[in-house]
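Each ligand, and each atom within it, is numbered from 1 in the order the structure gives. Quick caveat, the model's predicted, so the values are computed rather than measured. Basis for what follows: all heavy atoms, side chains included, without hydrogens, waters or symmetry-related copies.
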Amino acid sequence: MTEEIKIAVVGLGKAGLPLAAVVADSGFEVIGVDTDERKCEMINNGINPIPEEPQLDELIKKYGGKRIKATTDYNDAKDCSAYIVIIPLYIDENKNPDFRILESAFRKIGQILKKGDLVVLETTVPPGTTENLVRRWLEEESGLKLGDFYLAYSPERVMTGYAISRLREFPKVIGGVDEESGKKAYELYSKFIPNLHLVSSAKLAEFIKIIEGCYRDVNIALANELFKIANELGVDFYEARTYANHEYCHIHLPSTGVGGHCIPVYPWFLIKEMEKRGKFSYAEILRTARHLNDEMINYWAEKIILECMKVKKPLSEVKICIKGITFRKGVKELYHSRNLALAKLLMEKGLNVFVYDEMFSKEEIEKLGLKWIDPEEADVIFDAFELKINRV
Ligand SMILES: NC(=O)c1ccc[n+]([C@@H]2O[C@H](COP(=O)([O-])OP(=O)(O)OC[C@H]3O[C@@H](n4cnc5c(N)ncnc54)[C@H](O)[C@@H]3O)[C@@H](O)[C@H]2O)c1
């Protein structure tokens, strides 16, 4: 072991576990805290609970139960001198952030926090969360004051499927809630993150992560809009995009909308904050992009129905196959999947909808309350990733 210092990683999910593995691989002892008992057991037995993540298998096999000890009990992390937190922040039905999971985790950390400890949040959060809420929860529980402990924010920038390589190569920023916290956090993180940049504050680091998501959401909305216009004009969007894109123009790819835990969520952090401040008009593009992307399923539903009408069968008997229901190709995740939403929308319209997805077995599809089909047996196939409608 190259380092004596013990680091706790709270949240061993798709983002947290690869980080825990990279920290362990840099010579640190890691205590992984996660509420999921089964996941902890697997990790301690050297079994990777996220097998679709390249390079993670070998790291968990090497360090699981040894240099990485997973536990559900925060008290097992009381000897750590740094706490890195990567747990989910969801939005509620009104699109406001629901801080309950974060509050519970930080209050538990507060109860074991000692003088000189460093706490770093990595979950994507509204700007100001670390310096206001997180600081308050930690101070209230520990009885310590900022300065007794250090607090920083460093947005996690992994992408499922590229988590380890991103941690090792991708630029990552870190910012403290005060100068000393920034310095301490930078000093520690640079021991396991090679491409690290210290920025002026935690709030700025929070903002950096969100605006990246906003950029992508808005640009996907633009691509979706231009795609619809191109089809209406009878020109090939993809050919146009190839020649339009250059150093200063990067038109994204169209889709059925934007899914997953990240991009459809982050714009709401800014939209809601501006609404709270009475600055409704400041987030107009962000709001419109969210709406446009969510509405794409109506566009595709109409196209699919028009194709079904060409089949020589009553409309309600035409077998439609939605091929691909995850939010992104190759990632077994259905959260906010617009492909799944499209299948459900067509079902609500009384159509005969089946689904197929290479990531899911027939049984798994049926457990979701959907009908499975071999695409070759369908009358109309919509490939949700290729955006192609085929009549068989
Ligand atoms: N996965 C990605 O590609 C990605 C990309 C960008 C940002 N993120 C960020 O990372 C955060 C986490 O995402 P993820 O993909 O790792 O989620 P995930 O659902 O894969 O993992 C979250 C983990 O946290 C655990 N957990 C929940 N509550 C807990 C608690 N109170 N204490 C300890 N553990 C708890 C869960 O059991 C789970 O193992 C997201 O909110 C997002 O901000 C993820």
Heavy-atom contacts with K209 under 4.0 Å: which atoms of ligand 1 show up? List them by number with element. 6 (C), 7 (C)
Provide, to 0.1 Å, the distance between atom 19 (O) of ligand 1 and the closest protein heavy atom, together with that atom's residue and name. K14 NZ, 4.0 Å
Which of the atoms in ligand 1, numbered in the order shown and given with their element, are less than 4.0 Å from a heavy-atom of T123? 41 (O), 43 (O)
If you measure from each heavy atom of Y266 to ligand 1, is any distance below 4.0 Å? yes
So the atoms of ligand 1 within less than 4.0 Å of a heavy atom of V33 turn out to be 33 (C), 34 (N)
Please confirm whether E156 comes under 4.0 Å of ligand 1, counting heavy atoms of the residue only. yes
Provide, to 0.1 Å, the distance between atom 5 (C) of ligand 1 and the closest protein heavy atom, together with that atom's residue and name. V158 O, 3.2 Å
Can you tell which of T71, D34, V265 gets a heavy atom nearest to atom 23 (C) of ligand 1? D34
Mind checking whether A15 has an N or O less than 3.5 Å away from an N or O of ligand 1? yes
N-O pairing of R287 and E284 below 4.0 Å: yes
Within 4.0 Å of some non-hydrogen atom of V10, the atoms of ligand 1 are 33 (C)
Ionic contact status for E273 with K276, cut-off 4.0 Å: yes
Answer yes or no: is there an ion pair linking D76 with K69, defined by an N-O contact shorter than 4.0 Å? no
Quick one: does Y153's side chain have a donor or acceptor within less than 3.5 Å of a partner on T123's backbone? yes
For ligand 1, which is the ligand I care about here, please tell me if Y90 has any N or O atom under 3.5 Å from one of the ligand's N or O atoms. no
Presence of salt bridge, K272 and E275, under 4.0 angstrom: yes
We want to know whether D25 and Y63 form a side-chain donor-acceptor pair, criterion being a heavy-atom distance below 3.5 angstrom. yes
Looking at D357 and I325, would you say the former's side chain and the latter's main chain have a donor-acceptor pair under 3.5 Å? yes
Quick one: nearest non-hydrogen protein atom to atom 1 (N) of ligand 1, plus distance? T160 OG1, 3.5 Å
Output yes when the distance from some N or O of ligand 1 to some N or O of E122 is under 3.5 Å, and no in every other case. no
Can you find a side-chain donor-acceptor pair between N390 and D383 that sits under 3.5 Å? no
Is any NZ, NE, NH1 or NH2 atom of the basic residue among E122 and K172 found under 4.0 Å from an Asp or Glu carboxylate oxygen of the other? yes
Strictly under 4.0 Å, does any heavy atom of K108 approach an atom of ligand 1? no
Between E295 and K228, does at least one N-O distance fall below 4.0 Å, as a salt bridge requires? no
Run the salt-bridge test on E140 and R107 with the 4.0 Å N-O cut-off and return the result as yes or no. yes
If you measure from each non-hydrogen atom of K39 to ligand 1, which part falls under 4.0 Å: side chain, backbone, both or neither? side chain
Regarding K209 and T124, do their side chains bring together a donor and an acceptor under 3.5 Å, going by distance alone? yes
Exam field: side chain E206 to backbone G128, donor-acceptor pair closer than 3.5 Å: yes
Counting non-hydrogen protein atoms only, what is the nearest one to atom 21 (O) of ligand 1? Give residue, atom name and distance. G13 CA, 3.1 Å
Atom 28 (N) of ligand 1: nearest protein contact (heavy atom, Å): I101 CG2, 3.4 Å
How far is atom 43 (O) of ligand 1 from its nearest protein heavy atom, and which residue and atom name does that atom have? T124 N, 2.9 Å
Hey, are D294 and R290 close enough for a salt bridge, meaning a charged N less than 4.0 Å from a carboxylate O? yes
Which of the ligand 1 atoms, numbered from 1, are nearer than 4.0 Å to a heavy atom of L89: 41 (O)
Could you pull out, from G11, P88, A70, G32, the option with a heavy atom nearest to atom 22 (C) of ligand 1? P88
Is Y74 touching ligand 1 with its side chain, its backbone, both, or neither, if touching means heavy atoms under 4.0 Å apart? side chain
Nearest non-hydrogen protein atom to atom 26 (N) of ligand 1, with distance, is T35 OG1, 3.5 Å
Using a 4.0 Å cut-off to any heavy atom of C262, which atoms of ligand 1 qualify? 4 (C), 5 (C), 6 (C), 7 (C)
